[in-house]
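A quick write-up on the structure given underneath.
Order of the sequence lines fixes the chain letters, A, B, ..., with proteins taken first and strands second; residue numbering starts at 1 for each chain. What you see below is based on every heavy atom in this structure, not just the backbone, and it leaves out hydrogens, waters and symmetry mates. Source: prediction; values computed, not measured.
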4 protein chains.
Amino acid sequence: MDGFKRRSEKKKLDIIQASFLLFMEYGIQKVSISEIAKKAHVSQVTIYNYFENKHNLIYETYKFYIDNEVSDFIKLVKEDIPFPEKIKKLILQSRQASAQIHEEFYQYMIQDYSKEHNYLELSYTEQVLPYFDELIHEGKKNGFIDKQLSNQVIMMYIQMFAEYTKKEEVSMALLPNSEEFSKVFFYGLFGYKDTNKLNL
Amino acid sequence: MDGFKRRSEKKKLDIIQASFLLFMEYGIQKVSISEIAKKAHVSQVTIYNYFENKHNLIYETYKFYIDNEVSDFIKLVKEDIPFPEKIKKLILQSRQASAQIHEEFYQYMIQDYSKEHNYLELSYTEQVLPYFDELIHEGKKNGFIDKQLSNQVIMMYIQMFAEYTKKEEVSMALLPNSEEFSKVFFYGLFGYKDTNKLNL
Amino acid sequence: MDGFKRRSEKKKLDIIQASFLLFMEYGIQKVSISEIAKKAHVSQVTIYNYFENKHNLIYETYKFYIDNEVSDFIKLVKEDIPFPEKIKKLILQSRQASAQIHEEFYQYMIQDYSKEHNYLELSYTEQVLPYFDELIHEGKKNGFIDKQLSNQVIMMYIQMFAEYTKKEEVSMALLPNSEEFSKVFFYGLFGYKDTNKLNL
Amino acid sequence: MDGFKRRSEKKKLDIIQASFLLFMEYGIQKVSISEIAKKAHVSQVTIYNYFENKHNLIYETYKFYIDNEVSDFIKLVKEDIPFPEKIKKLILQSRQASAQIHEEFYQYMIQDYSKEHNYLELSYTEQVLPYFDELIHEGKKNGFIDKQLSNQVIMMYIQMFAEYTKKEEVSMALLPNSEEFSKVFFYGLFGYKDTNKLNL
DNA sequence: AATGAATGAGAATTCATTCAT
DNA sequence: TATGAATGAATTCTCATTCAT
């Protein structure tokens, strides 16, 4: 990659990051190209040169966001900590500011461009799936997950928790109950009627 | 209420319903006042006469939506069916088209007017809380819910399920797994190691 | 027509006339909506309320122009003056400023929206045709036009002259030669080899 | 001319031709520098290096177009075919696609830069004039043109025909009438009352 | 000489809101 | 009360032109 290209790539990333930050703060639809331009210290036209139109910029920002999420997740799965620790991190760690942005991207993509959105979700799923399988395998092997449950359902269950706890409000309300909440994760509402080997 | 007022109230409701339908189809931010006016067969100014500005209209539409949700929930709690049936309905019945609108209202309110939003959520919670307590009480009494769990956590847990299954995509993916998913609801990932008295 | 409508129609006409004048002075593509708005003393949005988009405005202005041309032509045909006088007027009178606008409308319509353009030309032709026939009939009856010539060709021939002499440059160059030019109109390049009964 | 210059001249011509083709297809005002650059396989800046600004490019393209027209005309005059044949060719042969581009250049130049435009017209006229005189002389000598007509008027008359028949629409409508139309060219509307020695 | 990157100025268009009746 | 008409402000996007290498 020559000097031109490298600089160019860097600028593209600058723009994406600026737009991501603004999207997080004000929501996607509220942010104008001119604001992004100002924040990224480029002219509006430069943005158009790189992304052609606003939709493309949003799309690429969404991709950027998802790529980050994915690599975070993979890193977590590979970490050398006990299974319940991993789950706790996955469920409780309201990852930085990412709070509500997920839903908004989701909404935006669904409404305007459902095809691309699906494509993205798909590729994301495919990337993530193997690691999810690995995680579930680990859980089953170590006796934390019922072996009779299908991976499909387990995955949805985990994702549900992860998504839910990312909401700002929720994470607030959870603060004093996080232990209990993790326990519910494993034992459901019915609870564990036996000796608690989990030590959550 | 005299004839004037009644007619007036009817018109207000017409407008709210029109805006709600449009919000559901196109998302809140995409819908303009003029579109709402057209759909409700009134002039734009009439909308301003009733609601003063767009924000108020959205706010009232949100209230309208929440009131419906609440009364649905209360009706469900009062129904004379076994506890697990209630839960199933709550969790699996992807209530009509209401699908993603919830999240969008949520996003919108958080971003623009967090104070009012909180007020609304609060009053909503207060209205719903007693019935939730009743529901939880029923569950605990009949042995479906671990008595040691706090109502707070139980409520969040149930809401999490309810919200999650409302997403269009999710309900698609769930179709063949709904039984298993309900089971997870009660037993969590650890699963039930004993005889299954639930008969889900 | 009530007061509202009348005022509204008047405003629409104001806008069309403003845009027509500007088109004539600067050419169609050079004129922006905001300039038209300024000249018509309305806001840009008012123009959009009436015409929806720039193309529609241009289209209606074109229609307005053509309607004027047509009624001018019809008036001329109905005038009570000798045939050669009518021709002279038709050919030589470089009608006010209308100079080059015709061609520009023509170009614009061809390039962007050939369908509508054709429709307009057609309706125009249909309106004008009967009067053209009348004019030609008059010419043939009085011995100014060769009876063997087809109306089609005669019409094109006359139009060709009319169009050509409308060009600013041409009318300049013609000034000292207009008599001769009218003569050519009747006798072509070959000239009249007999006594000149026309008295042009 | 050394290699450098030759290559450079070639590139300049490439650009002019690209712009000419685009102008013909989309109209002058609709074509952007970047499109021309793409079509000519050069960078935008290269165009600026050669032509300084868009106006100059258009101007040179116009010159290029006119030069072609002129040399076509001169070739025609020099051809060894009977006079009426020459006229037919001049009048009826809707030269390739050049159709409406003439008018557009004309409009453009008039509106924006009437001075240069005049200069161009002038030089063009000067170049063409001698050959026009030759053509007219030939016509008069062979009895096809009335000797009393001024060259000025004859020239305008011929140009009028040539221009008119170049329009796409016109040439369509003319198809079945071309013979008759040529006849009108020579005899005007009054027609030839004697034996027809022209054999058109 | 040639070009990828960048931009200021301005274009069409949309929208929430107000005016006047 | 109800509404047709009108608008200021903002938004997306385009384009001729210049910068920097």
Set of residues satisfying side-chain hydrogen bond (donor to acceptor under 3.5 Å, both in side chains) with respect to [X], sequence neighbours excluded:
X       : value
C:Asp67 : none
B:Tyr59 : none
D:Gln17 : none
B:Asn68 : none

Take the protein atom [atom1] of [X] and the nucleotide atom [atom2] of [N], then report the distance between them rounded to whole Å.
X       : N      : atom1 : atom2 : result
C:Tyr50 : F:dT7  : OH    : C1'   : 13 Å
D:Lys38 : E:dA2  : NZ    : P     : 20 Å
C:Ile36 : E:dA11 : CD1   : C1'   : 12 Å
A:Lys10 : E:dA5  : NZ    : P     : 15 Å
B:Ile15 : F:dT1  : CD1   : C1'   : 12 Å
A:Ile47 : F:dT14 : CD1   : P     : 14 Å
D:Asn49 : F:dA16 : CG    : P     : 17 Å

message: Could you work out, with salt bridge (charged side-chain N to carboxylate O under 4.0 Å, His left out) as the rule, every residue matching B:Asp14, not counting sequence neighbours?
response: B:Lys10

message: Let me test you: for the helix from E:dA2-F:dT21 to E:dT21-F:dA2, what is the angle between the axes at its two ends (five pairs each), rounded to 10 degrees?
response: 20°

Considering only distance and modelled atom types, tabulate donor-acceptor pairs under 3.5 Å from the side chains of residues 36-45 of chain A, sequence neighbours left out.
| unit_1 | atom_1 | unit_2 | atom_2 | d |
| --- | --- | --- | --- | --- |
| A:Ser43 | OG | A:Val45 | N | 3.1 |
| A:Ser43 | OG | A:Thr46 | N | 3.3 |

- line: In 5'-to-3' order, the base (B), backbone-only (S) or no-contact (-) status of each nucleotide in nucleotides 12-19 of chain E, using a 4.0 angstrom heavy-atom cut-off, is SBBBSBBB

message: Using heavy-atom distances to pick each residue's nearest nucleotide on DNA chain E, tell me which of A:Thr46 and D:Thr46 is more 5'.
response: D:Thr46

query: Within the side chain of D:Glu25, is there an N or O that forms a donor-acceptor pair under 3.5 Å with the backbone of D:Leu22?
result: no

- prompt: For the residue pair C:Gln29 and C:Lys54, what are the closest heavy atoms and their distance?
  reply: O-NZ, 4.2 Å

- prompt: Are any of D:Lys11's side-chain N or O atoms less than 4.0 Å away from OP1 or OP2 of E:dA1?
  reply: no

task: List in chain and number order the residues that pass side chain to side chain contact (heavy atoms under 4.5 Å, CB included) with D:Phe51, two or more places apart in sequence or in another chain; answer none if no residue qualifies.
output: D:Lys12, D:Ile15, D:Ile16, D:Ile47, D:Asn56, D:Leu57, D:Glu60

